[in-house]
Amino acid sequence: MTEKPKSLVHDYYGLFKEILGLRKFFRFVAPLILLLVISCISQKNKIYDSRIQEKEILTPAPQKSPRINGAKVYGVRPGKKILYRIPCQGERPIKFKAEGLPAGIHLNEEKGIIEGISPIEKGEYQITFVSENKYGKDSRQFKLVVGDKIALTPPTGWNSWGGHMVHVTDEIIRKAADVFENRGLADVGFQYIGIDDCWMKTSPEMYASRSENIIKKHASFNYDGIVGDIRDEEGNIIPNKNFPDMKALTDYVHSFGLKAGLYSTPGPATCQNFAGSYEHEKQDAEQYAKWGFDLLKYDQCSGGKILKKLKEENTGFQDKDFWKPMAEYLLQQDHDILYNLCQYGQEEPWLWAPDLNIQSWRIGGDLNHNVNTYFDQAFRIAKELREFSKPGQWNDPDFMYIHRIKDVKKMGEPSEEIPLNTNQRYQYVTLWSIISAPFFFSSDIQEIDDFTIGLLSNADVFNINQDELGHVAKIIRDNENETIMIKNLANGTKVLALFNRNASEEITINANWAELDLQGRQKVFDVWRQKVAGSKRDEISVKLSPNGVGLFILSKQ
Ligand code: GLA
C-alpha cells in the first residue's frame with residue numbers, strides 16, 4: 001500500500017514546531033546542561049584555599065544563640081562527689097535543663113553546673129542537656145557512666161608551668177579561672193586549672209643543698225617565707241606563702257564549675273627542690289582531697305634515686321610498685337582525682353599505668369625546651385603508642401606550649417613568644433586534637449592574647465579531641481612535604497588533617513577517597529573556619545601555606 005502524501009500545510013507546520021522545539025532546547029535546556037558539566041568539572045578540579053595569614057584568627061566568634069560543646073560521655077566512680085559544668089557558648093543569661101540525672105545529682109539552672117554525689121550502683125545514665133536564651137535553644141545527649149573508669153575523654157585545661165614556673169601564685173591561678181570564664185574557654189569545654197611545681201615550701205636543709213643549676217634558675221625568686229618547716233606537727237604539708245589558702249583557691253575555681261589540679265613527686269624533693277610526698281603519700285592524698293583538688297600531676301624528679309635504690313635492694317621491685325601507692329590513696333578520696341604520671345616516658349608506663357588507675361602518663365621529656373618537636377611527639381603517639389590511648393587512659397605528649405612561655409634557665413625574666421609562627425601553632429593544636437592528647441595548654445595566662453584565645457577556643461577542634469571513640473589519628477601519607485592523617489569519630493564521620501611540612505613553599509595536597517578509605521560523595525566541613533567547604537565525589541585538593549594545615553570533617557552525603 002502506498003502511503004498517503006501529507007498535505008504541504010501540515011508539513012510546514014511540523015517543521016515549524018520542530019524548529020521551535022530545537023530552539024527552545026538550545027535556548028533553555030542546553031545551557032543548563034553545559035553549566036552543569038562545567039560546574040562538575042570545575043568542582044572536581046577546584047582547589048580549596050586553606051592558607052593562613054600571619055596572626056589570622058580562623059575561629060569565628062561564637063553565635064549569640066546557645067551551643068553546647070564538649071564531651072558526650074563522662075565517667076565518675078560510684079558514690080563520689082561530682083562537679084560538671086555544661087560547656088555552652090552563647091549570650092548569657094542562658095537557662096539550662098538536664099533531663100535524666102540520677103537521684104543525688106542536681107543542676108544549677110542558671111550556671112549550668114551539675115553537682116552532687118554519684119549513685120552507689122554502677123551504671124549508665126542517658127541525660128539530655130538543654131540550654132536556652134532569647135536567641136534560641138540547643139540540646140545535646142550526654143552519657144554519665146558510673147563505674148571504675150574516669151577520664152573517658154582526654155583531660156583538658158591549663159597548667160602553670162610553661163608561663164610561670166617558680167613564680168606561680170594563688171593570684172595567677174585565680175586569674176586563669178577568670179580567663180576560662182571571661183574569655184570563653186570554659187564554654188568550649190576546658191576544665192582543669194593546674195598548679196605545677198613550686199607551691200610548697202623548702203626546708204632549710206634542702207635550701208642549703210641547692211644545686212648550682214637551681215640557684216641560677218631561681219636567681220630572682222624571693223625565698224622569704226618559703227624556707228622553713230615543710231610540714232606541720234601532724235606531718236601535713238604546708239603550702240608556701242604564695243598560696244595562703246588552698247581551700248579558698250579551689251572553692252574559687254569550683255565556683256565556675258571548673259576543676260583544680262596540683263603537683264607533687266614521690267621523691268623527697270620536686271624538680272625545683274620543693275617538698276615532695278616521699279613517705280607521706282597517704283597523708284598528702286588526703287590533704288589534696290580536703291583542699292578540693294581534682295587532679296594530681298605526680299612527677300618523678302628526686303624519686304628517681306629512691307626508685308633505683310628500691311630496685312637494687314629488692315629484685316622483685318618494679319616501677320609500677322613505686323607509683324601504685326599514690327594511685328590507691330587517690331582512689332580512697334571522696335571525689336575523683338585524676339592521676340597524671342610524669343616519668344618522662346621511661347620504663348614504658350603505657351604498659352602498666354592503666355592497670356593502676358592512672359589516667360595519663362607522659363611519653364617523653366619536657367616539650368617547653370623544644371616546642372618545635374611537636375610533630376615528633378605526636379607521631380610517636382600516632383605510630384608506636386597508638387593502642388595505649390583509649391577512654392580512661394591517655395598518652396601525654398606534654399602540654400601545648402602555645403604563645404608566651406618562660407625560659408627554664410631564666411625564670412625571673414618575662415615570658416617570651418614561642419619560636420613558632422602562626423601556621424605552626426595551628427599545626428600544633430590540630431595535632432593535639434586529632435591524636436586524642438590531653439588537651440592542656442601551658443602559657444603565661446596574664447599575657448594571653450586574642451589570637452591565642454581564638455586558636456584554643458575553636459569548639460569544633462575541641463570536640464574532635466573530646467570525641468568519645470578516643471581514636472588516635474592514623475598517618476595515611478607522610479613525606480618531606482606532605483602529611484595526611486585521618487581520625488575516626490564516633491558518629492561514623494572522619495576527620496581529615498592535611499599538613500604542609502615544607503617551611504618555605506606553599507603546596508597543594510590532593511587526597512583521594514581510595515587512600516582515605518571513603519566511598520561516594522562527601523560533604524566537606526572546614527573545621528578551623530567552621531564552614532562547609534563543598535561537596536566532593538572522589539578527592540579533595542587543598543592549598544596550604546608553608547607549614548600550613550587544613551582540618552576537615554568528611555561526612556557521607
Ligand atoms: C619536670 C616536668 C615538667 C615540670 C617541671 C617542674 O621537668 O617534666 O613538666 O613539671 O618538672 O619542675
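Note that ligands are numbered from 1 as they come in the structure, with each ligand's atoms numbered from 1 the same way. Computed from heavy atoms alone, side chains included, the values below leave out hydrogens, waters and symmetry copies.
Within the cation-pi definition used here (under 6.0 Å to the ring centroid, within 45° of the axis), K297 does not qualify as a partner of Y263.
Residues passing the salt bridge (Lys or Arg N to Asp or Glu O under 4.0 Å) test with K290, sequence neighbours excluded: none. Residues satisfying the disulfide (SG to SG under 2.5 Å) test with C301, not counting sequence neighbours, are C271.
Checked against a 6.0 Å centroid threshold, the rings of Y207 and Y223 count as neighbours.
Protein residues lining ligand 1, listed by chain and number: W161, D196, D197, Y263, C271, Q272, K297, D299, C342, Y344, R362, D366 [non-hydrogen atoms, distance under 4.0 Å].
Scanning all heavy atoms of the two residues, the minimum distance from F180 to Q191 falls at CE2-N, 4.2 Å.
Listed by first and then second residue, the side chain to side chain donor-acceptor pair (under 3.5 Å) pairs that reach into residues 404-413 are R404-S415, sequence neighbours excluded.
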